[in-house]
Number of protein chains: 2
Amino acid sequence: MILSKASEYSIRATVFIALKSLEGEKVNLKEISIQIESPEAFTSKLLQLLKKSGIVRSSLGKSGGFDIEKEKLESLNLCHIVNAVDGKADYSVCIMGLKACSDNVPCPMHSQYRNIKQNLNDLLHNTKLLTLAKKLRTGQVFLTN
Amino acid sequence: MILSKASEYSIRATVFIALKSLEGEKVNLKEISIQIESPEAFTSKLLQLLKKSGIVRSSLGKSGGFDIEKEKLESLNLCHIVNAVDGKADYSVCIMGLKACSDNVPCPMHSQYRNIKQNLNDLLHNTKLLTLAKKLRTGQVFLTN
DNA sequence: TTTAATTTGGATAAATTAGTCCAATTATAT
DNA sequence: ATATAATTGGACTAATTTATCCAAATTAAA
């Protein structure tokens with residue numbers, strides 16, 4: 001698995017919240033965990049982390065729930081999400097686990113892994129939450145399991 | 001981290017054993033764990049798994065140790081190693097953790113992740129242990145941490 | 001033949017990740 | 001006002017991964 005469960009759930013959750021936010025709606029924990037098929041209590045914890053990082057916003061009390069502010073939605077990418085729940089996610093580390101590995105002191109797999117690593121990093125940095133939510137809205141992609 | 005610690009250590013260990021095997025030498029646990037900078041007892045467990053999968057060979061008693069048979073060395077790739085210590089490693093799974101995700105029912109990231117996933121799989125399937133060991137022998141790449 | 005260096009195997013421990021449960025707080029809607 | 005539906009926070013549990021320790025078995029060398 002490339003991403004942790006925490007990251008997987010968080011990405012699914014934020015994409016779903018983003019979709020709702022696009023329509024000016026907020027959504028509560030229960031519906032989120034039903035829609036993305038994630039354990040409710042665990043998802044709650046993740047939403048708290050996402051909130052602490054300023055990624056989602058929550059409103060308290062009856063008919064409370066979660067949403068993502070318009071401006072945020074424009075800027076958020078997958079790195080932000082992964083970092084919020086897993087701490088610094090770094091896909092630039094050596095695939096063999098060598099700390100010293102670099103272009104100058106390469107591990108035996110360095111050259112072959114280089115591009116993949118770069119592409120993975122790019123994917124996380126360049127994939128915008130907004131883009132994913134809009135895709136979802138078109139009905140061409142899915143969040144169902 | 002892309003690979004588990006178990007896989008990282010195992011790859012480093014087998015590459016080192018392969019290097020020695022190329023020169024007709026076997027090498028013992030202690031030296032392996034020193035050279036690849038891995039915890040000795042844990043590495044021992046991994047070597048047992050690799051042995052059970054027929055990847056490495058061991059000789060018992062004083063001046064015992066590990067090596068890899070010539071023929072094996074020709075055929076082994078990274079998949080074999082990762083599978084031996086981590087069970088079936090599958091990098092074809094959905095990055096968002098959706099079981100239903102496929103070309104027909106894609107998750108929002110499916111198209112962007114598709115190539116990366118393919119490249120990762122290719123890397124593991126096509127990278128031969130022998131190639132890595134030979135590279136190491138040239139002194140252009142390193143196993144040091 | 002004894003000693004010493006090694007693998008083997010089993011039990012156990014520590015750390016991390018994944019997940020649950022419940023009480024307290026908050027605020028809307030009846 | 002009050003009941004109700006929601007987030008919040010803390011303690012707890014479970015599962016998996018990453019290790020450690022030690023005794024037994026094996027075999028080469030002294």
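Below, chain A is the first sequence line, B the second, and so on; all start at residue 1.
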Exercise. Using the salt bridge (Lys or Arg N to Asp or Glu O under 4.0 Å) rule, take A:R57 and A:E69 through it: C-alpha gap first, then chi angles, then the decisive distance, then the call.
Key: CA-CA 7 Å; A:R57 188 169 55 170; A:E69 289 172 272; 3.7 Å; yes

Practice problem: State which of C:dT20, D:dT4, D:dT7 makes the closest approach to the side chain of A:A41. | Solution: C:dT20

Exercise. Hey, which sits more toward the 5' end of DNA chain C by its nearest nucleotide, A:L3 or B:Q48?
Key: B:Q48

Practice problem: Select one nucleotide: of C:dA5, D:dT7, D:dT20, the one nearest the side-chain heavy atoms of B:K45. | Solution: D:dT20

Quiz item: Rounded to whole angstroms, how far apart are CG on B:L50 and P on C:dG9?
Solution: 14 Å

Quiz item: Quick one: on DNA chain C, does A:G64 or A:S4 contact a more 5' nucleotide (nearest heavy atom)?
Solution: A:S4

Quiz item: Which is true for B:K30 with a 4.0 Å heavy-atom rule: it touches a base, it touches only sugar-phosphate, or it touches nothing?
Solution: nothing

Quiz item: Can you find a heavy atom in the side chain of B:F66 that is under 4.5 Å from one in the side chain of B:N28?
Solution: no

Practice problem: Just call it for B:G61: base, sugar-phosphate, or nothing, with non-hydrogen atoms closer than 4.0 Å on any strand. | Solution: base

Exercise. Have a look at B:S59 and say if it touches a base, only the backbone sugar-phosphate, or nothing, with a 4.0 Å heavy-atom cut-off.
Key: sugar-phosphate

Self-check item: Among C:dC21, C:dA18, C:dT7, the nucleotide that comes nearest once only the side chain of B:S58 is considered
Solution: C:dT7

Quiz prompt | Of the listed nucleotides D:dT4, D:dT8, D:dT27, the one nearest the side chain of B:L60 | solution = D:dT27

Exercise. Select one nucleotide: of C:dG19, D:dT18, D:dT7, the one nearest the side-chain heavy atoms of B:K5.
Key: D:dT18

Quiz item: Below 4.5 Å, heavy atoms only, C-beta onward: do A:N77 and A:N126 meet side chain to side chain?
Solution: no

Practice problem: Grab the CG-C1' distance between B:N28 and C:dA4 for me, whole Å please. | Solution: 13 Å

Quiz item: Nearest-Å distance, NZ (A:K26) to P (C:dT28)?
Solution: 7 Å

Practice problem: For A:L49 and D:dT7, give me the distance from atom CG to atom C1', rounded to whole Å. | Solution: 14 Å

Quiz item: What's the CD-P distance between A:E31 and D:dT7, to the nearest Å?
Solution: 11 Å

Quiz item: Side chain of A:S63: nearest nucleotide among D:dT8, D:dA28, C:dA29?
Solution: C:dA29

Quiz item: Take atom CD in A:E71; do more than 12 heavy atoms of anything else shown fall under 6.0 Å from it?
Solution: no

Self-check item: Within 6.0 Å of NZ in A:K26, more than 12 heavy atoms from elsewhere
Solution: yes

Quiz item: Counting only N and O atoms by type, is there a donor-acceptor contact under 3.5 Å from the side chain of B:S21 to the main-chain atoms of B:G24?
Solution: no

Quiz item: Over how many whole Å does the gap from A:K62 atom NZ to C:dT30 atom P extend?
Solution: 6 Å

Self-check item: Nearest-angstrom distance from the residue atom NZ of B:K51 to P of C:dT7
Solution: 11 Å

Self-check item: Touch class at under 4.0 angstrom, heavy-atom based, for A:L29 against every strand present
Solution: sugar-phosphate

Quiz item: Between C:dG19, C:dT8, C:dT28, which nucleotide has the shortest distance from any of its atoms to the side chain of A:P39?
Solution: C:dG19

Quiz item: Can you tell which of C:dG19, D:dT8, C:dT7 lies closest to the side chain of A:Y9?
Solution: C:dG19

Quiz item: Which whole-number value in Å describes the distance from B:D86 CG to D:dT18 P?
Solution: 7 Å

